[in-house]
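Here the structure is laid out as structure tokens; the discussion comes afterwards.
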Amino acid sequence: MKNLEIAQIFEEIADILEIKNVEWKPQAYRKAARALKTCEDVEAIYKKGGIKALDKIPGVGQRLAKKIVQYIETGKISEYERLKKTVPKYLTELMKVPGLGPKKAAKLANKLKIKSMKNLEQVIKQHKIAKLKTFGEKSEENIAKGIALMKKSKKRVLLGVALPIAEEIIARLRVVKGVDKVIAAGSLRRMLETIGDIDILITSTKPELVMDKFTSMKDVARVLAKGPTRGSILLKNNLQVDVRVIPPDEFGSALQYFTGSKNHSIALRKLAIKKGLKISEYGVFKGKKKIAGKTEKAVYKAVNLPYIEPELRENNGEIEVARQGKLPKLLGYSDIKGDLHVHSKYSDGNDAIETITKVAKKIGYGYIAITDHSPSLKIAHGLDEKQLKKKQAEIKKINKKNMGIKVLHGTEVDILPDGSLDYSDKILKQFDIVIAAVHSHFKMTEAEMTKRIIKALENKYVNVLAHPTGRVINKRDAYKVNLEKIFSSAKKNKVALEVDGTPDRLDLNDVHIREAIKAGVKLVCVTDAHSINNLKNMRLAIGTARRGWAQKTNILNTKSWEEIKKWFKK
DNA sequence: GCCGTTTTCGGCCCGACTGTTTTCAGTCG
């Protein structure tokens, strides 16, 4: 996806323009950059609707659309190439230090002849910054801290990693005396696939007790700030956590503000201005008079909007749709009736089928599919015919125990490079559910990969396509594939596409889910669990589906197994 | 550079915090 690359260039352009003291343009570039990070794949948009469709992305106008097209077609943006030459590279580099903006970076470069990060570290050692006019001891110290922070390279952490950490901290703070509400805001609440830092909002009658507890937890590496209403810590794992204690009658507006996304909140505030109102984290105001703030619902209502679910708040059309009263009723976190993609000890899973079944029953599922690998995936101990017989017999035995949950005999069968499957039709026929997946030969051309997968979808025994793009967050890009064609083939062949809840997969992702739904494709939310602990990842799949505007009707495994079976029938 | 039920020109989200000043500029979220 080129979106991130273009977003980065736009941000760099904004930096350069800021250095050059250009007004307003930097904000425009930054806003567009943020929009690109969460909107549909620009190449797909361009292919479908041309430059006019790009222009429709909020924050992207004619001129930026043109630049996006140029990048898609040539891999470069000439305006950026031109601007780069007008400003020394070290200036934009210095700006990456937290605390250094365009003004300070330029001043340091000018007065102290700094031409690199190394230079900067040298002058700090020599205490030259502290002696500079408008700088001082503190400034020098803060820049040093900023560099240290940057070196630790705060990479965004997976939602599936951050979520349990946040929950543990929340549980600890909830029991502190005087605490009422505790909730995580920010990208975590929006269920974004990666999280920069954890934001926790609290109402309490005794803020100082909250802050004491918060800053003295055992896994705190460093306390970055500690005041009566705001605290900030760095955990030993390098994750930053911010806590804010909010007065109860401002909780809704604070929650709205700290949940974001930024572009969503800006759009909301603009709407308020039109109505002669002002929204801030402290409330909605008409002149000096506060007219809302206690609940998020009231904040939205003040600008004539229904409540918008956090997962939708990306300024990707949700405000417009909300105005028309046409918001989707999102898939709920307890709407899933069974997990359809789980591995057992038979292949590369940790647990026995009966153990998995018990846990699934406890979750409240009506069915669970044990879908182990096929033989070609050697590292995962794919099952041969003999092992399949044994597994099938075991499942039969468990089902006879009438545990109140149906165990389905399934497989995750490999799609071989030529699009044929790793089991013969004769074997495939015996499964309750067949999931097809690409696990090898990722580097094909788009045409080859698309043809390969479509051939698999056309097999009459295939019911589900696993992790359709193959991406692994922070590790491996998606393979090249024409999703539009996959969608139409899946629809035609009655194959459901997966929303895989593995923390570093989340595949399909939010954007693709929204496209798939538009194309009329059915989806399943699954965990692809390799241990009973992984079964919890269903909420990540659901959260991702919600970010893709999925409703209950779009997700096949919100139905009973009988109904699903009927749908599968080709 | 974006955007339009007050505008195709002239606005552009809002506020806190920090450090350096002595009323504010710069940075951040």
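Everything quoted here is computed from the prediction, not taken from an experiment. Side chains are part of it too, since the values below use all heavy atoms of this structure and drop only hydrogens, waters and symmetry mates. Chain naming here is simple, since letters A, B, ... match the order of the sequence lines and numbering starts at 1 in each.
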Atom NZ of A:Lys480: over 12 foreign heavy atoms under 6.0 Å: no

Using the ring of each side chain (for Trp, its six-membered ring), is A:His264 parallel, tilted or perpendicular to A:Tyr300, with breaks at 30° and 60°? tilted

Atom CD1 of A:Ile246 and atom P of B:dA16: how far apart are they, to the nearest Å? 12 Å

Just checking A:Lys262: base, sugar-phosphate only, or nothing, at a heavy-atom cut-off of under 4.0 Å? base

If the cut-off is 4.0 Å, is A:Tyr29 near the phosphate of B:dC2, judged by side-chain N/O to OP1 or OP2? no

Using a 4.0 Å heavy-atom cut-off, does A:Tyr257 contact any base of the nucleic acid, only the sugar-phosphate backbone, or nothing at all? base

Distance check needed: B:dG19 C1' versus A:Lys107 NZ, whole Å only. 12 Å

Considering only atom P, compute the distance from B:dG26 to B:dT21 and round it to an integer number of Å. 13 Å

What distance separates A:Leu54 CG from A:Lys52 NZ, expressed to the nearest 0.5 Å? 12.5 Å

Between B:dC12 and B:dT6, how far apart are the two P atoms, rounded to whole Å? 16 Å

Regarding A:Lys25, tell me which of base, sugar-phosphate or nothing describes its non-hydrogen contacts under 4.0 Å with the strands shown. base

Considering just the side-chain nitrogens and oxygens of A:Arg63, establish if one lies under 4.0 Å of OP1 or OP2 belonging to B:dG1. yes

Classify the nucleic acid contact of A:Ile279 as base, sugar-phosphate or nothing, counting any heavy atom under 4.0 Å across all strands shown. sugar-phosphate

Take atom CZ of A:Arg30 and atom C1' of B:dG1, then tell me their distance rounded to the nearest Å. 13 Å

Is the NZ or CZ atom of A:Lys181 positioned over A:Phe251's six-membered ring, under 6.0 angstrom from the centre and within 45° of the axis? yes

Please give me every residue in residues 310-321 of chain A whose heavy atoms get under 4.0 Å of an atom in DNA chain B, ordered by residue number. none

Figure out the CG/P separation between A:Asn263 and B:dG29, and round it to whole Å. 16 Å

If I pick the C1' atom on B:dC3 and the same atom on B:dC13, what distance separates them, to the nearest angstrom? 15 Å

Sorted by first residue and then second, give each side chain to side chain donor-acceptor pair (under 3.5 Å) pair with at least one member in residues 200-210 of chain A; sequence neighbours left out. none

With a non-hydrogen cut-off below 4.0 angstrom, is A:Glu137 in contact with a base, only sugar-phosphate, or nothing? sugar-phosphate

Go through B:dG1, B:dC14, B:dC3 for me and flag the one nearest to the A:Ala28 side chain. B:dG1

Length of the line joining A:Leu271:CG and B:dC13:P, which is rounded to integer Å: 13 Å

Checking A:Glu73 against A:Tyr46: is there a side-chain donor and acceptor pair closer than 3.5 Å? yes

Any luck finding a side-chain donor-acceptor pair between A:Ser261 and A:Asn263 under 3.5 Å? no

Which whole number of Å gives the distance between the C1' atom of B:dG15 and that of B:dT7? 27 Å

Gap separating the CD1 atom of A:Ile147 from the CE atom of A:Met117, nearest 0.5 angstrom: 4.5 Å

Selection: residues 108-126 of chain A, any non-hydrogen atom under 4.0 Å of DNA chain B: none

Can you see whether A:Ser232 engages A:Asp242 through a side-chain donor-acceptor pair at a distance of less than 3.5 angstrom? yes

For residues A:Ser116 and A:Glu93, is any side-chain donor paired with an opposing acceptor at under 3.5 Å? no

I want to check one thing: is the phosphate of B:dT18, taken as OP1 and OP2, less than 4.0 Å away from some side-chain N or O of A:Asn142? no

Would you say A:Thr134 reaches B:dG19's phosphate, i.e. side-chain N/O to OP1/OP2 under 4.0 Å? no

Measuring only the C1' atom in each nucleotide, how far is B:dA16 from B:dG11? A whole number of Å is fine. 24 Å

Between B:dT5 and B:dG19, how many Å separate the two C1' atoms, rounded to a whole number? 45 Å

Could you measure the distance from the CD atom of A:Glu515 to the CD atom of A:Glu484? Nearest 0.5 Å is fine. 8.0 Å

Atom C1', compared across B:dC2 and B:dT8: separation rounded to whole Å: 12 Å

For the pair made of NZ in A:Lys20 and C1' in B:dG1, what is the distance, rounded to whole Å? 16 Å

Any residue in residues 66-99 of chain A with a heavy atom nearer than 4.0 angstrom to DNA chain B? Just list them by number, or reply none. A:Lys67, A:Val97, A:Pro98, A:Gly99

Could you state the CD1-C1' distance from A:Ile266 to B:dG15, rounded to the nearest angstrom? 13 Å

The side-chain contact (heavy atoms from CB on, under 4.5 Å) partner of A:Glu250 among A:Lys294, A:Lys290, A:Glu281 is A:Lys290

The residue, A:Ser265 or A:Lys31, whose nearest nucleotide of DNA chain B is more 5′ is A:Lys31

Can you tell me which residue among A:Asp15, A:Leu64, A:Ile9 is in a side-chain contact (heavy atoms from CB on, under 4.5 Å) with A:Tyr29? A:Leu64

Atom OH of A:Tyr282 and atom C1' of B:dA16: how far apart are they, to the nearest Å? 6 Å

Using 0.5 Å steps for rounding, measure from the CG atom of A:Leu312 to the CD atom of A:Glu318. 6.5 Å

Check whether any side-chain nitrogen or oxygen of A:Lys103 sits under 4.0 Å from OP1 or OP2 of B:dA25, and answer yes or no. no

For the atom pair CD (A:Glu296) and CZ (A:Arg313), what is the distance rounded to the nearest 0.5 Å? 4.0 Å

Filtered N/O pairs between nucleotides 6-8 of chain B and protein, under 3.5 Å:
none

Any donor-acceptor N/O pair, A:Arg471 side chain to A:Leu506 backbone, under 3.5 Å: yes

If I take atom CD1 from residue A:Ile246 and atom CG from residue A:Leu255, how far apart are they, to the nearest 0.5 angstrom? 9.0 Å

Side chain of A:Leu64 (C-beta onward), nearest among B:dC3, B:dC2, B:dG29: B:dC2

Between A:Lys278 and A:Phe285, is NZ or CZ placed under 6.0 angstrom from the six-membered ring centre and within 45° of the ring axis? yes

Return whichever of A:Arg269 or A:Ile57 has its heavy-atom-nearest nucleotide of DNA chain B closer to the 5' end. A:Ile57

Paired with B:dC17: which nucleotide, if any, by Watson-Crick or G-U wobble criteria at under 3.5 Å for both distances? B:dG26

Which atom pairs link the protein and nucleotides 9-12 of chain B when you take only N or O atoms and keep those under 3.5 Å?
from   : atom 1 : to      : atom 2 : distance (Å)
B:dC12 : N4     : A:Trp24 : NE1    : 2.8

Side-chain donor-acceptor pair under 3.5 Å between A:Asp507 and A:Thr469, yes or no? yes

